[in-house]
Amino acid sequence: MPKIVDHDERRLELVDATWRIIARNGLEGATMREIAMEAGFANGALKPYFPTKDTLLEFAFGHVFNRTNQRIAEVTRGKSGMDALRAFCLEVLPLDEERINEARIVIPFWQKAVNDPQKADIHRQSMEEWLAAIRGHLTEARDAGEVRTAVDDSLLAGQLLNMMLGAQIEAALALAGQTDFGHAEQLEGYLALLRN
């Protein structure tokens with residue numbers, strides 16, 4: 001009887017192997033051969049799932065974004081206003097090794113997106129989704145009296161998003177093993193400014 005293969009599970013195994021390779025060796029070290037070896041597959045077994053390294057990177061970015069969104073949904077469930085905003089931001093910030101490794105996937109994707117309109121569009125849509133969520137939390141917080149600054153919520157949302165993306169760059173470029181950059185404290189300092 002032929003073995004039943006779960007293709008979605010195999011794709012995720014390949015994405016996990018890609019993360020490990022990029023975290024260890026950088027994007028250039030993440031060859032299809034290395035990824036196949038890391039995942040325990042024959043080199044040719046990757047082709048049906050990801051014909052090129054580029055398609056694998058695109059899928060990996062989508063997976064990181066979706067996984068982050070799942071975590072955000074979990075931590076913001078039942079919260080609103082400032083509590084939801086804080087929880088959202090803490091989930092995006094690279095506060096542990098897993099999220100730092102996710103940043104190491106995202107940054108090479110950004111590099112590719114500079115010259116690839118399709119990847120740039122994927123990134124743009126993802127960031128628009130996050131900006132909308134941040135603006136929603138800010139509106140709730142303002143309605144509850146938790147945000148009193150005169151600065152427009154759209155500007156605040158952009159500042160927060162740029163802070164989180166910058167934090168990902170800092171963490172991805174840091175020395176191996178370094179995970180404490182003061183990002184949570186920086187977030188608290190920024191949120192405190194919104195109350196004035």
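Keep in mind it's a predicted model, so treat the numbers as computed, not measured.
Salt-bridge check for E140 with K79: failed, with every basic side-chain N at 4.0 Å or more from each acidic carboxylate O. Look at K119 and E58 and you find a salt bridge, because one of the NZ, NE, NH1 or NH2 atoms lies within 4.0 Å of a carboxylate O, short of that distance. In summary, R86 and E146 do not engage in a salt bridge, as defined by a charged side-chain N under 4.0 Å from a carboxylate O. The existence of a salt bridge linking R67 and E98 is confirmed by a sub-4.0 Å separation between a basic side-chain nitrogen and an acidic carboxylate oxygen.
In this structure the side chain of P94 never reaches within 4.5 angstrom of the side chain of E102, judged on heavy atoms. Under the 4.5 Å side-chain criterion, counting only non-hydrogen atoms from C-beta, H183 is not in contact with L90. Contact of the I122 side chain with the F109 side chain is registered, since non-hydrogen atoms from C-beta on lie closer than 4.5 Å. A heavy-atom distance below 4.5 Å is found between the side chains of R24 and E38. Contact annotation: the side chain of T31 never approaches that of I21 to less than 4.5 Å [non-hydrogen atoms, C-beta and beyond].
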Problem set entry | side-chain hydrogen bond (donor to acceptor under 3.5 Å, both in side chains) assessment of N69 paired with E129 | CA-CA 10 Å; N69 284 345; E129 188 177 321; 3.2 Å; yes

For this session: Report the C-alpha distance between L194 and L156 in whole Å, list the side-chain angles of each, state the deciding distance to 0.1 Å, and finish with yes or no for side-chain contact (heavy atoms from CB on, under 4.5 Å).
Result: CA-CA 9 Å; L194 303 185; L156 296 175; 3.6 Å; yes

Problem set entry | Steps toward side-chain contact (heavy atoms from CB on, under 4.5 Å) verdict (N196, R148) | CA-CA 5 Å; N196 299 324; R148 290 187 286 279; 5.7 Å; no

Exercise. Passes side-chain contact (heavy atoms from CB on, under 4.5 Å), M164 versus C89? Steps please.
Worked result: CA-CA 7 Å; M164 291 184 287; C89 294; 3.8 Å; yes

Exercise. Please walk me through it: do D180 and L95 pass side-chain contact (heavy atoms from CB on, under 4.5 Å)?
Worked result: CA-CA 7 Å; D180 186 8; L95 299 177; over 6 Å; no

For this session: For the pair Q125 and D121, evaluate side-chain hydrogen bond (donor to acceptor under 3.5 Å, both in side chains) and give the outcome as yes or no after the intermediate values.
Result: CA-CA 6 Å; Q125 289 174 12; D121 193 49; 2.8 Å; yes

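In this structure, D83 contributes its side chain and L85 its backbone to no donor-acceptor pair below 3.5 Å. With hydrogens and angles ignored, the 3.5 Å screen pairs no side-chain donor or acceptor of D116 with any backbone N or O of K112. Between the R142 side chain and the T149 main chain, a donor and an acceptor come within less than 3.5 Å of each other. K53 places a side-chain N or O within donor-acceptor distance of the main-chain N or O of A30, the cut-off being under 3.5 Å.
In the hydrophobic clustering of this structure, L46 does not group with M37; members are Ile, Leu, Val, Met, Phe, Trp, Tyr whose side-chain heavy atoms approach within less than 4.5 Å, directly or through other members. Both L131 and I72 belong to a single network of hydrophobic side chains, linked directly or stepwise wherever heavy atoms of I, L, V, M, F, W or Y lie under 4.5 Å apart. If you chain together hydrophobic residues whose side chains sit under 4.5 Å apart, I100 and I169 never meet in one group. The same ILVMFWY cluster, assembled from side-chain heavy atoms under 4.5 Å apart, contains both V147 and L155. At a threshold of 4.5 Å between side-chain heavy atoms, the hydrophobic network of Ile, Leu, Val, Met, Phe, Trp and Tyr places F59 and F41 in one connected group.
Rounded to the nearest 0.5 Å, atoms OG1 (T18) and CD1 (I35) are 3.5 Å apart. Here the CZ-CZ distance, from R10 to F50, works out to 12.0 Å after rounding to the nearest 0.5 Å. Distance check, rounded to the nearest 0.5 Å: CG of L193 to CD of Q159 gives 9.5 Å. Between atom CE of residue M127 and atom CG of residue N162 there is a gap of 10.5 Å, rounded to the nearest 0.5 Å. To the nearest 0.5 angstrom, E91 atom CD is 9.0 Å from T76 atom OG1. Interatomic distance, CG of L138 versus CE of M82, reported as 7.0 Å (0.5 Å rounding).
F88 does not carry R71 over the face of its six-membered ring by the limits of under 6.0 Å from the centre and within 45° of the normal.
For R33, the CZ atom sits in a loose shell: 12 or fewer heavy atoms of surrounding residues, nucleotides or ligands are nearer than 6.0 Å.
Taking the centre of each ring, W130 and F65 come in below the 6.0 Å mark.
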